[in-house]
J.: 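Let me begin by handing over the structure; questions about it come next.
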Amino acid sequence: MISCRPQLLSSNPDKTIKPKMDFLRDAGFSTPDLTSLLSKNSNILTSSLDNQIVPAHGFLKGILGTREVVVSTTKRAPWLLHSDLQKKIGPKIGVLRGHGVPNSSISAMIKQRPRLFLTLHPDRFTRAITKVKAMDFRPSSSSFHVALGSILSISESHWEQKFELYRSFGWLEDDILSAFKKQPQIMNVSDVKMRKKMNFFLKEPGLGLSIVSSCPNLMLYSLERRVIPRYSVIHVLKSLGLLTKDVKLTTICQLNEEKFLENT
């Protein structure tokens, strides 16, 4: 921390550092929280308490609701505490509210993807909202902000590349849109992982494109830790005649480890 901010050595800790630490502790940050926060971004210690930290914290509290959520969000994105949030985030919130997105969804988006609100232009939000609405997502629905966050998290050109990648495996446009509506996060799967998973699903008998498009959550599960081991167990049990009914991969992959072991 000192190597990054050597000016701290010449500062008066009682006047510059202690008040900030006291404020953050009063705001709900524990000692481990502060350690994590400052190790990720020591700029907080050189930022103005009255002009940056206090207003930023107040802005976040007003949007996120509770101090516990403010703490958890800023631990993941500590730069929030020394940014002009009214200027950087305020206009995007205005765009969302103007399109009928409820405060609960806005809060959820900021918690999940705070960087988007700091880095993207409001026009980018407007274009993404138009795209999500065109897919028949309702702004008031809980799935709207998930779809919006998914679109905003990749560049507009990469969005088109994602479509091309799915098409290369035989998906039709309607297949992609249908899968996206069921699980918007399929577009956030890396290209490498997406290719690897699709190659597995298309290669193995009894699987294929239809099973993935009908249950796109499969694209989110770890191939090595969940999909292949569970598929192998079911395959072996079937070959030994130990299954009395048809068991779908889509069903067993959605079970947690305890439930899976109980049912096999």
J.: Can you tell me how far apart NZ (K75) and CG (N41) are? Round to the nearest 0.5 Å.
T.: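 K75 NZ to N41 CG: 15.0 Å, rounded to 0.5 Å.
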J.: Nearest heavy-atom pair of I129 and L148: which atoms, and what distance?
T.: N-CD1, 3.7 Å
J.: Pick one: which of Y166, F201, F180 meets ring pair (Phe, Tyr, Trp, His ring centres under 6.0 Å) with W171?
T.: Y166
J.: Centroid separation under 6.0 Å, is that true for the rings of F200 and Y231?
T.: yes
J.: Can you find a heavy atom in the side chain of S232 that is under 4.5 Å from one in the side chain of I228?
T.: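 Of all side-chain heavy-atom pairs linking I228 with S232, at least one is under 4.5 Å.
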J.: Please determine whether residues L220 and L202 belong to a single hydrophobic cluster, defined as Ile, Leu, Val, Met, Phe, Trp and Tyr linked transitively by side-chain heavy-atom distances below 4.5 Å.
T.: yes
J.: So, using side-chain contact (heavy atoms from CB on, under 4.5 Å) as the criterion, who are the partners of S105 when residues are at least two apart?
T.: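 By the side-chain contact (heavy atoms from CB on, under 4.5 Å) rule, S105 matches V101, P102, H145.
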J.: To the nearest 0.5 Å, what is the distance between CZ (F144) and CE (M135)?
T.: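 F144 atom CZ to M135 atom CE measures 10.5 Å (nearest 0.5 Å).
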J.: Do you know which two heavy atoms are closest between R124 and I151, and how far apart they sit?
T.: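 Distance-wise, the nearest heavy atoms are NH2-O, 3.3 Å.
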J.: I'd like to know whether NZ of K88 has more than 12 heavy-atom contacts from other residues, nucleotides or ligands below 6.0 angstrom.
T.: no
J.: Kindly determine whether E156 and R127 satisfy side-chain contact (heavy atoms from CB on, under 4.5 Å), including the steps that lead there.
T.: CA-CA 10 Å; E156 290 168 294; R127 292 195 299 273; 2.8 Å; yes
J.: According to a hydrophobic-cluster definition based on side-chain heavy atoms being under 4.5 Å apart (Ile, Leu, Val, Met, Phe, Trp, Tyr only), do L172 and M198 belong together?
T.: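 Not linked; separate clusters.
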J.: Has the side chain of T35 got a donor or acceptor atom that lies under 3.5 Å from a matching backbone atom of T31?
T.: yes
J.: Please give me the minimum heavy-atom distance between G149 and L116, naming the atom from each residue.
T.: O-CD1, 4.0 Å
J.: May I have the list of side-chain donor-acceptor pairs in residues 207-214 shorter than 3.5 Å, sequence neighbours left out?
T.:
{"from": "S213", "atom 1": "OG", "to": "L209", "atom 2": "O", "distance (Å)": "3.3"}
{"from": "S213", "atom 1": "OG", "to": "S210", "atom 2": "O", "distance (Å)": "3.1"}
{"from": "S214", "atom 1": "OG", "to": "S210", "atom 2": "O", "distance (Å)": "3.0"}
{"from": "S214", "atom 1": "OG", "to": "I211", "atom 2": "O", "distance (Å)": "3.0"}

J.: In sequence, state the C-alpha distance, the side-chain angles, and the governing distance for L38 and M21, and then conclude on side-chain contact (heavy atoms from CB on, under 4.5 Å).
T.: CA-CA 10 Å; L38 298 176; M21 301 294 280; 3.8 Å; yes
J.: Below 4.5 Å, heavy atoms only, C-beta onward: do F125 and I93 meet side chain to side chain?
T.: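 A side-chain contact under 4.5 Å is absent here.
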J.: For a side-chain contact (heavy atoms from CB on, under 4.5 Å) check, start with the C-alpha distance between T73 and L80, then their side-chain angles and the critical distance, and finish with the verdict.
T.: CA-CA 9 Å; T73 302; L80 288 170; 3.9 Å; yes
J.: Flag the pair R167 / I176 as yes when at least one side-chain heavy-atom distance between them is below 4.5 Å, and no otherwise.
T.: yes
J.: Show the nearest heavy-atom pair for residues S150 and P184, with the distance to one decimal.
T.: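 For S150 versus P184, the nearest heavy atoms are OG-O, 2.7 Å.
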J.: Measuring only between side-chain heavy atoms, which start at C-beta, is Q86 closer than 4.5 Å to P55?
T.: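 No; the side chains remain at least 4.5 Å from each other.
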J.: Rounded at 0.5 Å granularity, tell me how far OG in S30 sits from CG in L24.
T.: 11.0 Å
J.: Between R67 (side chain) and D26 (backbone), is there a donor-acceptor pair under 3.5 Å?
T.: yes
J.: If I compare all heavy atoms of V189 with all of M194, which pair ends up nearest, and what's the gap?
T.: CG1-N, 3.8 Å
J.: Does C253 reach the side chain of V227, with side-chain heavy atoms less than 4.5 Å apart?
T.: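 Yes, side chains in contact.
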J.: Around atom NZ of K182, are there more than 12 heavy atoms from other residues, nucleotides or ligands closer than 6.0 Å?
T.: yes
J.: Measure the CZ-CD distance between R226 and Q254 for me, rounded to the nearest 0.5 Å.
T.: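 Output value for this atom pair is 9.0 Å.
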J.: With the side chain counted from C-beta on, respond yes when L165 and R195 share a heavy-atom pair under 4.5 Å apart, and no when they do not.
T.: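 Heavy-atom side-chain distance check passes, below 4.5 Å.
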J.: Output the distance between atom OG (S141) and atom CG (D136), rounded to the nearest 0.5 Å.
T.: 10.5 Å
J.: Can you check whether L37 reaches L81 side chain to side chain, under 4.5 Å on heavy atoms?
T.: yes
J.: Using the rule given for side-chain contact (heavy atoms from CB on, under 4.5 Å), can you reason through K20 versus I44, listing the C-alpha separation, both sets of side-chain angles and the distance that settles it, and then say yes or no?
T.: CA-CA 8 Å; K20 296 167 189 174; I44 294 169; 5.6 Å; no
J.: To the nearest 0.5 Å, what is the distance between NZ on K162 and OG on S190?
T.: 6.5 Å
J.: Say whether M109 and W79 are linked into one hydrophobic cluster, either directly or through other cluster members, by side-chain heavy-atom distances under 4.5 angstrom.
T.: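 Yes, because M109 and W79 connect within a single hydrophobic cluster, where side-chain heavy atoms sit under 4.5 Å apart.
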J.: If you look at every heavy atom in A27 and H57, which pair is closest and at what distance?
T.: CB-NE2, 3.4 Å
J.: Would a hydrophobic clustering, with Ile, Leu, Val, Met, Phe, Trp and Tyr connected at side-chain separations under 4.5 Å, put L96 with L64?
T.: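 The answer is yes; both residues are in one hydrophobic cluster.
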J.: Cluster question for you: counting only ILVMFWY and a side-chain heavy-atom cut-off of under 4.5 Å, with indirect links fine, are V69 and V146 together?
T.: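 As far as the 4.5 Å side-chain criterion goes, V146 and V69 are not connected within one cluster.
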J.: When you measure from the side chain of K193 to the backbone of M219, do you find a donor-acceptor pair of N or O atoms at a distance under 3.5 Å?
T.: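 No; zero donor-acceptor contacts below 3.5 Å.
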J.: Q185 versus N217: any side-chain heavy-atom pair under 4.5 Å?
T.: no
J.: Determine yes or no for a side-chain-to-main-chain donor-acceptor pair under 3.5 angstrom, with T74 supplying the side chain and V70 the backbone.
T.: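 Such a contact is found between T74 side chain and V70 backbone.
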